[in-house]
Amino acid sequence: MNTIYKSEAGANEIQRRYRDMLVTWPVPAEHVRVPTRAGETFVVVSGPPDAPPLLLLHGSGANAIMWGADIASWAGHFRTYAVDLIGEPGLSAPSRPPFASDAYALWLDDVLEGLGITTTSIVAASLGGWMALDYATRRPERVTSLALLCPAGIGRQKIGFLFKALLLRPFGRWGVRRSARSVTGLETPESGAVVDYLVLTFTQFKPRMDRLPVFPDEALRRLTMPILVIVGGRDVMLDSEGTARRVRQCVPHATVNLLPEVGHSILGQTDSVLAFLRG
């Protein structure tokens with residue numbers, strides 16, 4: 001049994017549901033498994049083979065299906081590579097190297113080499129945003145542009161939501177569902193299916209509990225590529241105003257959009273991200 005899950009049955013159910021969702025991927029796709037030093041990595045590849053590459057890195061407790069609403073638009077212009085992060089509830093290895101190391105940059109080196117990519121644009125969210133920033137600060141010559149949705153590692157990581165989640169835990173499935181809506185900011189009726197999947201995931205999955213390192217100013221100043229940062233003013237997990245302020249200070253050429261009424265899950269930005277990527 002993978003230690004990132006609470007039970008083997010729970011792991012099987014999450015992965016079964018994920019495979020069912022992959023069948024609904026809205027554009028033709030290849031499923032590629034890339035060997036890396038951190039274990040096998042699963043990637044959903046779409047778009048014209050001769051188009052510029054675009055790497056997609058999802059957030060914590062998620063997988064490549066996070067990009068389902070965006071992929072039809074982006075894959076029309078890019079060769080998209082939706083990567084299942086290691087240590088998360090996708091189909092990649094359950095490895096979780098320490099954040100305070102170069103392990104994730106080395107892992108992405110292996111992923112890009114296995115995919116035959118020399119340089120790439122990256123779109124990333126939350127934990128994936130941290131990994132994208134870690135890579136871009138260590139390998140700036142390999143990242144042509146960077147679009148980040150609620151990225152971790154810039155603003156302060158909040159802990160208040162953990163206490164609220166713990167208070168709701170005794171209320172069973174209703175409490176878990178309420179926690180999922182609170183943490184993600186997915187409060188509309190239309191988001192019900194997404195919340196249902198999150199409830200399944202966080203009932204059976206063990207999320208990482210260690211804090212993500214915050215990038216120092218000198219690391220952020222190494223980011224010379226075009227950058228778009230979108231954050232939500234109601235994010236209960238990350239200090240969005242702090243993120244926006246530090247990006248403007250350390251990366252003055254970056255475009256920063258703070259959406260005041262949006263939580264941690266930033267949806268509906270397909271067109272704005274595409275416009276940025278296409279320059």
Under the 3.5 angstrom rule, does the side chain of [X] hit a backbone N or O of [Y] as a donor-acceptor pair?
X: Asp84; Y: Asn63; answer: no
X: Ser95; Y: Ala38; answer: yes
X: His77; Y: Pro52; answer: no
X: Trp74; Y: Gly47; answer: no
X: Ser92; Y: Ile86; answer: no
X: Glu88; Y: Gly61; answer: yes
X: Arg211; Y: Gln157; answer: yes
X: Arg142; Y: Thr118; answer: yes

Measuring from atom [atom1] of [X] to atom [atom2] of [Y], what distance do you get when rounded to the nearest 0.5 angstrom?
X: Leu115; Y: Thr41; atom1: CG; atom2: OG1; value: 9.0 Å
X: Arg17; Y: Ile65; atom1: CZ; atom2: CD1; value: 12.0 Å
X: Leu55; Y: Phe78; atom1: CG; atom2: CZ; value: 12.5 Å
X: Leu127; Y: Met237; atom1: CG; atom2: CE; value: 9.5 Å
X: Gln269; Y: Leu228; atom1: CD; atom2: CG; value: 8.5 Å
X: Leu146; Y: Thr224; atom1: CG; atom2: OG1; value: 11.0 Å

Cluster link [X] to [Y], ILVMFWY, side chain under 4.5 Å:
X: Leu212; Y: Trp107; answer: yes
X: Leu223; Y: Met131; answer: yes
X: Val273; Y: Leu133; answer: no
X: Met66; Y: Val83; answer: no
X: Ile117; Y: Leu106; answer: no

Would you say CD of Glu13 has more than 12 non-hydrogen atoms from neighbouring residues, nucleotides or ligands within 6.0 angstrom?
yes
* Considering residues, nucleotides and ligands other than Arg139, do more than 12 of their heavy atoms fall under 6.0 Å from its CZ? -> yes
Is the shortest distance from a Lys or Arg side-chain nitrogen in Asp109 or Arg37 to a carboxylate oxygen in the other one below 4.0 Å? no
Between Lys6 and Thr203 the two heavy atoms that sit nearest each other are CD-O, 3.2 Å
On a heavy-atom basis, the closest approach of Pro53 and Thr120 is O-OG1, 3.3 Å
When Leu277, Thr119, Val123 are each screened for side-chain contact (heavy atoms from CB on, under 4.5 Å) with Ser145, the one that passes is Leu277
Checking Ile230, Val262, Val231, Asn257 against Leu149 for side-chain contact (heavy atoms from CB on, under 4.5 Å), the one that qualifies is Ile230
Residues 22-30 side chain polar contacts: donor-acceptor under 3.5 Å, at least two apart:
residue : atom : partner : partner atom : Å
Thr24   : OG1  : Met21   : O            : 2.6
Trp25   : NE1  : Ser46   : OG           : 3.0
Glu30   : OE2  : Arg79   : NH2          : 3.1

* Any donor-acceptor N or O pair under 3.5 Å, side chains Trp67, Thr80 -> no
**Request:** Any chance you could lay out the ring pair (Phe, Tyr, Trp, His ring centres under 6.0 Å) test for Tyr104 and Tyr135, step after step, and finish with the verdict?
**Result:** CA-CA 8 Å; Tyr104 291 96; Tyr135 196 71; over 10 Å; no
Sequence neighbours excluded, the answer for ring-ring contact (aromatic ring centres under 6.0 Å, His included) partners of Tyr18 is none
Paired with Asp217, the salt bridge (charged side-chain N to carboxylate O under 4.0 Å, His left out) test is passed by just one of Arg222, Arg245, Arg246, namely Arg246
